[in-house]
Structures are given as C-alpha cells and as structure tokens.
Q: 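Dropping the structure in here first, questions after.
We count ligands from 1, going down the list as the structure has it; atoms in each ligand are counted the same way.
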Amino acid sequence: MRSVEIFKIGKAYPNPYGEPFRAVVDFSLNIDQGEFVGLIGHSGCGKSTVLTMLAGLNEISEGGIVVSGREIDGAGPDRAVVFQSPCLMPWSTAYGNVMLGVKNVYPHASRAERSQIVESALSSVGLADSMEKYPREMSGGMQQRVGIARAIALKPKLLLLDEPFGRLDSLTRMELQDVMLDILNREKITTLLVSHDVDEVVFLCDRVVMMTNGPEATIGEVLAIDFERPRDRTEILQDPLYFRCLDHLVSFLTERAHLRTEPRIHDSSNLLTFEGTKPEVAAH
Ligand code: ADP
C-alpha cells in the first residue's frame, strides 16, 4: 500500500539578487507503507530540502506530496522529524520532553494513557531507567534516543530522519541504528533517512535513492537492497551483496552523480559481482 506519493516536487530559493535558485527539480518517488528509504547525495545537493518539504517545514515550489491519501500543506502530526541534534528542552526530563509532543497530539487522551505512550516510547529506545534524567545528565547518544522516542511517541505516518546519527561516535551510532531497526521491525513506520553514510543506508534501508548534484538536483538512481528482515549486522557485513551495494553507491557518487539521465532503477541481486559474473540490469 502506498504511504507517500511525491509528485515532481521542486524547490527554488531566492538568490541574493532575488532571482530563483532551483535547488531541486522534478523529484518524484512513491514510498510503500512500512518501507525504509534512504536518501544519499553529495553535500549541498538538496537532501535536506527534500526532507524539510516532506516535513512541511519548507514551502514546496512545484509539485505536491500526498501522505496517507492527503496532500500535505505545512507541518502536521502525521509526520515526525529527528534531526542531527535532538534540541531537547534543558529544563525538562526525558519523560517531560517526550510528553510535550504527546500532549499536543493526543489532547483528549487521559493522563494515564499519555503516560503509557511516553513510557512505552522511552522503553523502546532503551531509556526505561532514565526517564527522570535531565538533558545535562545524559550523553549525546542518550539525548538522541530521547529525540527518537519523542518522534515515535507521536505514531507518525511518516518518520523523517535527517542524519540522526551523524554526530555520534561509531559505537553509539551502531547501537542507535540497531535501536532504530528494532523499532521499525515492530512498528512498521514508513521512514525516510537522509544520510551521508553509505554503510548505514545499505544496512538499514529497503531502497536507496541517489540524488544527482545540484543545482537542479533530482533522482539519479534507485537501488533496492535485498537483505531480508530482521537484519543481523554480523551476517550482513560478511555478505558479498553488502559490498556490491556499497560499491554501487560509491561509484554513483564518484562517477555518475553529475550526469543528467532518466532515473535508473536497480535491484541489488542483479548488481555485477566484483568478478563480473552477473549482468547488471537497469530498468527505466
Ligand atoms: P544537502 O542537505 O544535500 O546538504 P540542502 O538541501 O541543504 O543540501 O541545500 C541544497 C541547495 O540549496 C544548496 O545549494 C544550498 O546552498 C541551497 N539552500 C538550502 N537552503 C537554502 C535557503 N534557505 N536559502 C537559499 N538557498 C538554500
């Protein structure tokens, strides 16, 4: 079932002379219910522009976006965003920070129901024992767990992740990637992840959308990642398919991101092996 339909969206920012700078053009993508899609591209190509238009935080210049059958017009509780920095309220505990959004989104729920939503969200990110901690008492990884709990507590139709693990050390990043996978396996929330990290998108995502360089950035290629779920990091890291996917993404970024072609759709099981024993299939 379709969860998100993006029709030919574009964004033009005014440049210092007041003329339009077309950052993103003609970006079209459908995302299925429960699908986890990664969005990669060079820095400055327009990934955050696409994500913030989906969040309703950035006006869409051309085209439109439909989420769960309804065209979006501004921000709404059907979409939740996790940014690189969680921006928690420093005067409020982990519990209080998550409760803030829950109160807005469930104004008619009882106090006990709201409390149950907050506690369950914090437990699912591994913070059951730290609900009363203030941001200053938490590490960066714990604060980002609160940011994730705050987003999933709203039970969004679309979860938007803007490099949420980008500022964390590599061990904490891996822990949080596993937390995210556990949550998405259980709750099947449709998710778009903007990332710089090719390893991360191959491990986490069902499909990776590769953006061309800007200006006038758009979709260059899409790669379906054929690992089954639930995913096991050790098994995936030993699978030659993982390295073929990485190789494909890196070769797009280094060799093809500047090209202007129709979007090319690939399935990871059809990618060339390093020995070249399987033919590459590119469907338009
Ligand atoms: P990415 O997330 O891939 O790094 P962005 O979406 O942040 O890229 O930016 C895409 C392009 O749009 C860049 O050239 C950037 O300078 C420009 N841009 C982003 N936000 C604005 C803005 N508010 N005003 C003008 N130009 C912007």
Q: Ion pair present between Glu221 and Arg256, side-chain N to carboxylate O less than 4.0 angstrom?
A: yes
Q: Quiz question: by atom type and distance under 3.5 Å, do the side chains of Arg167 and Gln144 form a donor-acceptor pair?
A: no
Q: What protein heavy atom is closest to atom 7 (O) of ligand 1, reported as residue, atom name and distance in Å?
A: Ser48 CB, 3.9 Å
Q: Could you tell me which atoms of ligand 1, counted from 1 in the order shown, lie closer than 4.0 angstrom to a heavy atom of His42?
A: 3 (O)
Q: Examine Gly46 against ligand 1 and note whether any of their N/O atoms are separated by less than 3.5 Å.
A: yes
Q: Any sub-3.5 Å donor-acceptor pair from Arg231's side-chain atoms to Phe227's backbone N or O?
A: yes
Q: What protein heavy atom sits nearest atom 5 (P) of ligand 1, and how far off is it?
A: Thr49 OG1, 3.7 Å
Q: Flag the pair Arg173 and Asp197 as a salt bridge only when some basic side-chain nitrogen lies within less than 4.0 angstrom of an acidic carboxylate oxygen.
A: yes
Q: Quick one: do Asp206 and Arg229 make a salt bridge, cutoff under 4.0 Å?
A: yes
Q: Please work out whether any backbone atom (N, CA, C, O) or any side-chain heavy atom from C-beta onward of Ala23 is under 4.0 Å from ligand 1, and answer side chain, backbone, both or neither.
A: side chain
Q: When you measure from the centre of the six-membered ring of Tyr13, is the NZ or CZ of Lys11 under 6.0 Å away and within 45° of the axis?
A: yes
Q: Compute whether any side-chain donor of one residue and acceptor of the other, for Ser115 and Tyr95, lie under 3.5 angstrom apart.
A: yes
Q: Counting heavy atoms only, name the option from Gly44, Pro215, Gly214 that's nearest to atom 13 (C) of ligand 1.
A: Gly44
Q: Please list the nearest protein heavy atom to atom 24 (N) of ligand 1 with its residue and the distance rounded to 0.1 Å.
A: Tyr13 CD2, 3.5 Å
Q: Can you tell me if Met211 contacts ligand 1 (heavy atom of the residue under 4.0 Å from the ligand)?
A: no
Q: Between Arg145 and Glu175, does any NZ, NE, NH1 or NH2 come within less than 4.0 Å of an OD or OE carboxylate oxygen?
A: yes
Q: Any protein heavy atom at under 4.0 Å, with atom 10 (C) of ligand 1 as the reference point?
A: yes
Q: Under 4.0 Å from any heavy atom of Lys47, which atoms of ligand 1 are there?
A: 1 (P), 2 (O), 3 (O), 4 (O), 6 (O), 8 (O)
Q: Within the structure, does Phe21 bring an N/O atom to less than 3.5 angstrom of an N/O atom in ligand 1?
A: no
